[in-house]
Amino acid sequence: MSGIKQGCLLLAAAMLCGIGGAFAQSATVKAHVVIESHKHASQAPPQDSNAVVWLTPADGWTDSLPRAVNAGPRPQLVQKNKQFTPHVTAVEVGSVVDFPNHDPFFHNVFSLFNGKRFDLGLYEAGSTRSVHFDRAGICYIFCNIHPQMSAIVVVVDTPYFAVTNKLGDVAISNVPPGEYKMGLWDDHCTPEDLKEASRKVTVGKDTSSLGTIRLQRSRELVMVHPNKYGRKYDPQVFSSPVYSQP
């Protein structure tokens, strides 16, 4: 084997070892989120488990973080049976979310919140419209025709985030060891309680546990919200929460 060829093989092997070492250094961060009522501590029912947990560098520097906004299929908020599925979606800044209409009638998806303001207008069954989420924030989404429809997109400026499963468990993969600020969001909690629950955490090698995160269920939610013009919907029975403008 020539010296040049052998040198190339050694360099390639060194690069692979470096890549493997980098992946070996990353950790899976796990946590368990419990929503506590005011009367007694209890885990939220499975359908209520929609907490989002994310990690950003403790020094606040995010420019050097790896970005995965173009990796894999686009996230979707499907409109079916006059519902959005999933109810809660978390995405990284720069992501595009598709809004396919799988119902046999029109929808009009909109949001008036600072996470992203948009109005997709009326669009028919079988069609899809998309939204580019270009800033971090909480985006509450509704349909201007069907008041019972609501969803939330949590937009974070980090690739290290996840939504809890039905049991309240969450796992964030490929997090490099270091110091981070843990951010939290849940549909049933006030911004003040979520800010108080956020904290600095240390991520070690391979696996890191944040333990049980306890959040306080708010009693302040009111089960109405206006249409995109700020007016009441036509009289009908529905149950969708109102959210104050952040």
Side-chain angles (χ1 to χ4, degrees), residues 44-52 68-157 161-166 185-191 218 220-246:
Q47 66 270 22
D48 286 345
S49 184
N50 282 308
V52 181
V69 293
N70 296 318
R74 286 183 183 178
Q76 292 188 336
L77 268 177
V78 177
Q79 299 151 78
K80 179 68 174 178
N81 298 325
K82 297 182 182 180
Q83 293 182 334
F84 289 110
T85 303
H87 179 62
V88 175
T89 300
V91 300
E92 188 179 357
V93 169
S95 298
V96 175
V97 177
D98 291 332
F99 290 80
N101 182 1
H102 291 181
D103 274 326
F105 38 76
F106 283 90
H107 284 300
N108 183 173
V109 180
F110 76 97
S111 177
L112 301 177
F113 287 78
N114 288 336
K116 179 71 177 184
R117 294 173 178 264
F118 64 89
D119 180 359
L120 298 184
L122 284 172
Y123 60 107
E124 62 187 358
S127 59
T128 298
R129 296 192 179 179
S130 303
V131 176
H132 177 220
F133 290 88
D134 53 0
R135 57 179 291 183
I138 311 300
C139 188
Y140 299 95
I141 297 167
F142 305 103
C143 175
N144 199 53
I145 304 172
H146 307 102
Q148 68 269 39
M149 295 177 65
S150 66
I152 303 99
V153 175
V154 180
V155 188
V156 296
D157 193 17
F161 63 91
V163 181
T164 55
N165 63 16
K166 291 183 178 181
W185 180 89
D186 185 271
D187 197 15
H188 303 90
C189 304
T190 65
S218 173
E220 299 176 3
L221 295 181
V222 180
M223 303 305 286
V224 292
H225 73 84
N227 65 17
K228 68 181 183 181
Y229 304 111
R231 299 193 291 265
K232 293 182 179 180
Y233 285 83
D234 291 335
Q236 54 182 304
V237 177
F238 67 95
S239 58
S240 290
V242 64
Y243 301 96
S244 59
Q245 179 64 265

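Because the structure is a prediction, the values reported are computed rather than measured.
Smallest separation of non-hydrogen atoms from Asp98 and Ser130: OD1-OG, 2.5 Å. The two residues Tyr229 and Asn144 make their nearest non-hydrogen contact at CE1-ND2, 3.8 Å. Contact detail for His107 and Asn101: the closest heavy-atom pair is CD2-OD1, 3.1 Å. Across every non-hydrogen atom of Asp187 and His87, the tightest pair is OD2-NE2, 3.2 Å.
With rounding to the nearest 0.5 angstrom, the CD atom of Gln79 is 9.5 Å from the CD1 atom of Ile145. Note that NZ of Lys116 and SG of Cys139 are 8.5 Å apart. Values are rounded to the nearest 0.5 Å. The OG1 atom of Thr128 sits 12.0 Å away from atom CG of Leu77, with the distance rounded to the nearest 0.5 Å. To the nearest 0.5 angstrom, Gln76 atom CD is 11.0 Å from Thr85 atom OG1. Between the CZ atom in Phe142 and the CG atom in Leu112 there is a gap of 8.5 Å [rounded to 0.5 Å]. To the nearest 0.5 Å, atom CZ of residue Arg74 and atom OG of residue Ser95 are 10.0 Å apart.
By the 4.0 Å N-to-carboxylate-O rule, Lys82 lies too far from Asp103 to be salt-bridged with it.
Considering only heavy atoms from C-beta on, Phe84 stays 4.5 Å or farther from Thr89 through its side chain. In this structure the side chain of Val154 reaches within 4.5 angstrom of the side chain of Val52, judged on heavy atoms. Between Trp185 and Val156, the closest side-chain pair of non-hydrogen atoms is not below 4.5 Å.
Between the side chains of His132 and Asp134, no donor N or O sits under 3.5 Å from an acceptor N or O.
Ring geometry for Phe118 against Phe133 counts as perpendicular: the plane angle is over 60°, on a 0 to 90° scale with 30° as the lower cut.
Although no hydrogens or angles enter the test, the distance criterion places a donor-acceptor pair under 3.5 Å between the side chain of Asp186 and the main chain of His188. Of the possible polar contacts, none joining the Thr190 side chain to the Ser218 backbone as a donor-acceptor pair under 3.5 Å is found.
Tyr233 and His146 have their aromatic ring centers separated by at least 6.0 angstrom.
Remark: Lys228 NZ is packed, more than 12 non-hydrogen atoms of other residues, nucleotides or ligands lying under 6.0 Å away.
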